[in-house]
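Remarks on the structure that follows.
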Amino acid sequence: MKVHVEFDLTPQEFRQAMGLPDVEAFQQELMAHIRQQMEAGVEGYDPWSLMQPFLQQGMAQGVASFGHYQQMLMDMLRQADTQSDEAAHNSKRKKP
């Protein structure tokens with residue numbers, strides 16, 4: 001038996017459903033800061049140094065937590081696939 005489920009969601013609705021943070025304000029602030037630095041003609045412009053204040057420990061922990069969340073989802077998908085394969089194999093055995 002196959003079950004297909006389709007969701008019609010916007011990217012924002014998907015992020016909310018998955019519990020992901022809304023980073024739109026962060027992105028806008030970061031881009032405004034970068035644009036300001038570029039327009040000011042800062043000598044030795046280095047995008048990494050502009051982003052460092054935004055990528056401190058809190059952000060790193062959030063990325064690590066998201067990595068664990070992704071791993072959990074992948075493990076669940078692999079387990080479901082394995083169970084599906086076993087069920088299909090068992091159903092073929094029962095046929096005379």
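When a residue number appears, it is its place in the shown sequence, counting from 1.
Residues passing the salt bridge (Lys or Arg N to Asp or Glu O under 4.0 Å) test with R78 are D75, sequence neighbours excluded. Remark: M72 engages Y69, M76 in a side-chain contact (heavy atoms from CB on, under 4.5 Å) (not counting sequence neighbours). With sequence neighbours excluded, the residues forming a side-chain contact (heavy atoms from CB on, under 4.5 Å) with T10 are Q12, E13, listed by chain and number. Partners of Q28 under the side chain to side chain donor-acceptor pair (under 3.5 Å) rule, at least two apart in sequence or in another chain, are E24.
Follow the hydrophobic side-chain contacts under 4.5 Å out from V5 and you reach F14 in the same cluster. Linking Ile, Leu, Val, Met, Phe, Trp and Tyr whenever their side-chain heavy atoms come within less than 4.5 Å puts V3 and F7 in one cluster.
In this structure, Q27 CD and L30 CG are separated by 8.0 Å, a value rounded to the nearest 0.5 Å. For the atom pair NE2 (H33) and CD (Q36), the distance works out to 7.0 Å, reported to the nearest 0.5 Å.
Counting heavy atoms from C-beta outward, L9 and R15 have side chains that stay 4.5 Å or more apart.
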